[in-house]
Amino acid sequence: MTFSPELEAKFARLLTSYPPGRQRSAMVPMLLYAQDEIGSITQELVEEVARRVGVTPMQVEEVLSYYSMLHRKPLGKYHVQICTNISCLLTGGEQLWQRACGKLGIGHKEATADGQISLEEVECIGACSWAPALQVNYDFHHKVTPEQLDQLLDSLRKTH
Amino acid sequence: MLYNPPSPLETKVLTRRFGLPNSAAVDTYLATDGYKAFKKALEMKPDAIIEEVKVSNLRGRGGAGFPAGMKWSFVPRNSPKPKYIVVNADESEPGTCKDRLLMENDPHQLIEGMLIAGLAVDAHAGYIYVRGEYRYLIEILDKAIAEAYDKGYLGKNLQGSNFSFDAYTHSGAGAYECGEESALLESLEGKRGIPRIRPPFPAVVGAFQCPTILNNVETYCAVPPILRDGGAAFAALGVPKAGGTKLTCLTGHVNKPGVYELPLGFPVDRMINEVGGGIRGGKKLKAFIPGGSSCPVLTAAECEGLTMDYDAMAKKKTMLGSGGVVIMDEDTCMVKVALRIMRFYAHESCGWCIPCREGTTWIRKILTRFHDGMGRKDDINLLGDLAKNMLGRTFCPLGDAAALPTISIVEKFREEFEAHLDGKPCPYEKELVTA
């Protein structure tokens, strides 16, 4: 598989970050960084990462199924992750979640037909004092009001 | 960046650089006493460093509150194996968002804490395990690490000494369980994050099967101020047996939610009403979680005269935990709170230990049924019994973390469960929707 020079540089650095013989440690970060670039964890990627860290593809599959951020299927271009855990629940996170589902007509871990936006109800993302919070890909949005959510979803629809 | 204004009631030790222009830059750090503590530590014997940390009464800030100096002293320095410094930056305890700020606003303080820990136990490499969702922090930390190499605070023969140290970031990929120390170490080795049986503890068999210090971000960040100003000065900020300050995340129904650095032993009442600006909408306090959703819940009456420190919380049969304070007003449905907390643990249980895997799922199902108005009177006792049967029967504390809040809510708010019986709709649902 060929990756961008930036990703190859990240891989090269990861593979030298751990003690000798411990390259397996690089597996999860490599999968996550590669997923960011190619959109999901494909079988080809599993085999490629297995080869590079020196394990079998089955060992990679065993590990990746454990981590909730690693996806075998592509997400939307903008993955909207809305927290409904305790601090967000108390400040309207659940209403944001229901509003987003209603507005987009999709549910948990589903994407719009054009592949532009996907939704996920997530557990605590570490923004509890600035709740309710959500993440679009890796970007945080704090103290989100229903109106701001509407504007955000509209802007994500338009950006192509 | 700061996401809430500071409070005049704060004691700013770990957060003193917050708000400075370019607070994350190495030049800002060096201009404000940065790396001075490391230079001081370079002249000290390892035992003296550990002694200073013991004198400071610094206790682990991740949740368990174990004395940090004692933890460090368990590392067998004479072992022929390499030793490692591992930072738990997998901040995922619901209610907690403080390590984020420490890494975002002052990453060099964390690196300096790792260096001093390295000197204390003869470790020459350190890993910062950052939860995958905190990608922007990995970028900030990587930049700070590069700056530290550039200025001779990472790499070989640091500041002309014979001490060498390398630091790396490592991204997780979504798993609460990886914040548990032994699961974190498994994950760092490229495996599923399932817990290890202990003993041996990580101090003896940790990262890559080698002796390891594993502490929370905030714990390491306290170390440079301790070495710089002395352990006694840090200890004096807090209470006996718990020195220093605690970054406290006020969340939920307060007027001024935010992260505030408060001295240990700060009164709960003043924290809610003066730091937090009181309960939102002039409502009354109903329930209080002191340090993340794993802690038993307290009633408003139990908060009277209570202070934010480890021993005071232990006396109330709860925990200071991670500093994630959750404040719930009188309109909060405690059945719903119990359900949401249990949904989380059922989702995050790694499945390794059966009492946790099955217990969390059964309790989640019963609570769901309850909140939907189809609960049975027997279920109230069943919830408590199920939770009690999880206690102490798992490799890691996740089972206890799920059981303890459930037990406390069922015992203290039993009448709310009774109010959901016989097909009655949730008495609080209306308020929740319009909140």
Side-chain angles (χ1 to χ4, degrees), chain A residues 10 13-14 16-19 21-33 35-36 53 55 59-60 62-71 81 83-95 98 121-131 133 135 137-140 142-143, chain B residues 3-4 82 91-100 125 127 131-136 166 168-176 178 187-194 208 210 249-253 257-259 289 293 324 326-329 332 336-337 340-341 343-344 347-348 350 432-433 435:
Chain A
K10 269 187 179 169
R13 207 177 58 165
L14 277 168
T16 55
S17 290
Y18 305 95
R22 294 284 184 174
Q23 279 64 33
R24 181 182 175 145
S25 287
M27 184 203 300
V28 171
M30 281 171 78
L31 289 167
L32 186 62
Y33 292 134
Q35 174 179 276
D36 292 340
V53 303
V55 298
Q59 285 171 307
V60 174
E62 178 208 5
V63 172
L64 82 88
S65 63
Y66 173 89
Y67 293 93
S68 65
M69 290 175 72
L70 301 177
H71 301 277
Q81 303 144 81
C83 177
T84 60
N85 207 310
I86 184 77
S87 302
C88 287
L89 174 80
L90 296 173
T91 48
E94 206 171 52
Q95 287 88 311
Q98 282 159 3
E121 183 184 9
V122 290
E123 298 298 350
C124 186
I125 52 175
C128 321
S129 287
W130 318 291
Q135 276 189 294
N137 299 338
Y138 291 104
D139 295 332
F140 279 92
H142 294 146
K143 294 190 174 179
Chain B
Y3 303 110
N4 59 268
E91 177 167 73
S92 349
E93 176 71 19
T96 316
C97 49
K98 54 163 183 96
D99 295 337
R100 231 183 107 181
Y127 294 90
R131 66 178 297 184
E133 292 86 348
Y134 284 0
R135 171 65 59 81
Y136 81 107
D166 291 304
Y168 309 93
T169 52
H170 178 100
S171 176
Y176 169 74
C178 291
S187 180
L188 181 63
E189 294 185 8
K191 301 173 192 161
R192 293 170 76 88
I194 53 174
F208 313 112
C210 295
C249 320
L250 291 189
T251 80
H253 296 144
V259 177
I289 300 177
S293 68
V326 185
I327 290 157
M328 290 165 267
D329 73 15
T332 309
K336 183 152 195 166
V337 167
R340 187 62 189 88
I341 290 175
R343 260 184 66 197
F344 169 69
H347 182 261
E348 299 297 337
C350 76
L432 267 181
V433 172

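Since the structure is predicted, the reported quantities are computational estimates derived from the model, not experimental observations.
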Specify the closest pair of heavy atoms between [X] and [Y], including all atoms of both residues, with the distance to one decimal.
X	Y	value
Cys178(B)	Tyr67(A)	SG-CE2, 4.0 Å
Arg131(B)	Ile125(A)	NH1-C, 3.6 Å
Ser25(A)	Glu189(B)	OG-CA, 3.4 Å
Arg340(B)	Asn85(A)	NH2-N, 3.5 Å
Cys128(A)	Cys97(B)	N-SG, 3.7 Å
Leu70(A)	Ala173(B)	CG-CB, 4.1 Å

Below 4.5 Å, heavy-atom pairs only: which of [options] has the largest tally toward chain A?
options	result
Pro257(B), Cys350(B), Pro82(B), Ser293(B)	Pro257(B)
Met328(B), Glu348(B), Arg343(B)	Arg343(B)
Ala175(B), Cys210(B), Ser92(B), Gly258(B)	Gly258(B)

How long is the span from the [atom1] atom in [X] to the [atom2] atom in [Y], to the nearest 0.5 Å?
X	Y	atom1	atom2	value
Ile341(B)	Leu89(A)	CD1	CG	9.5 Å
Ser171(B)	Met30(A)	OG	CE	13.0 Å
Glu93(B)	Ile86(A)	CD	CD1	11.5 Å
Thr251(B)	Leu90(A)	OG1	CG	7.0 Å
Lys191(B)	Glu62(A)	NZ	CD	10.0 Å

Side-chain donor or acceptor of Gln135(A) paired with backbone N/O of Glu133(B) under 3.5 Å: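 Judged by distance alone, yes, a pair lies under 3.5 Å.
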Under 3.5 Å donor-acceptor, Tyr127(B) side chain and Ser17(A) backbone: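 Yes.
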With a 4.5 angstrom heavy-atom cut-off, could you sort out which part of [X] is near chain B: side chain, backbone, both or neither?
X	value
Asp36(A)	side chain
Val122(A)	backbone
Ala127(A)	both
Gln59(A)	neither

Under 4.5 Å from any heavy atom of chain A - which part of Tyr3(B): both
Which atoms of Leu250(B) approach chain A - backbone, side chain, both or neither, heavy atom under 4.5 Å: backbone
Stepwise side-chain contact (heavy atoms from CB on, under 4.5 Å) test for Tyr176(B) and Cys124(A): CA-CA 9 Å; Tyr176(B) 169 74; Cys124(A) 186; over 6 Å; no
Aromatic ring pairing His170(B)/Tyr18(A), orientation class (parallel under 30°, perpendicular over 60°, tilted between): perpendicular
Contacts of Ser129(A) that satisfy side chain to side chain donor-acceptor pair (under 3.5 Å) - sequence neighbours left out: none
Which one wins on heavy-atom pair count under 4.5 Å against chain B: [options]?
options	result
Arg13(A), His142(A), Met27(A), Arg22(A)	Arg22(A)
Ser87(A), Ala26(A), Gly21(A)	Ser87(A)
Leu31(A), Val63(A), Asp139(A)	Val63(A)

Check against side-chain contact (heavy atoms from CB on, under 4.5 Å), Tyr136(B) and Phe140(A): CA-CA 10 Å; Tyr136(B) 81 107; Phe140(A) 279 92; 3.7 Å; yes
Sequence-distant partners of Tyr134(B), ring pair (Phe, Tyr, Trp, His ring centres under 6.0 Å), two or more places apart: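 Tyr134(B): no ring pair (Phe, Tyr, Trp, His ring centres under 6.0 Å) contacts found.
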Min side-chain heavy-atom separation Met69(A)-Arg135(B) under 4.5 Å: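 When only atoms from C-beta onward are counted, Arg135(B) and Met69(A) do not touch, as no gap falls below 4.5 Å.
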Student check: side-chain heavy atoms of Val259(B) and Trp130(A) closer than 4.5 Å: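 With C-beta onward as the side chain, the pair touches.
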Trace of the side-chain contact (heavy atoms from CB on, under 4.5 Å) decision for Lys336(B) with Glu94(A): CA-CA 12 Å; Lys336(B) 183 152 195 166; Glu94(A) 206 171 52; 2.8 Å; yes
Distance-only donor-acceptor check, side chains Arg192(B) and Tyr66(A), under 3.5 Å: no
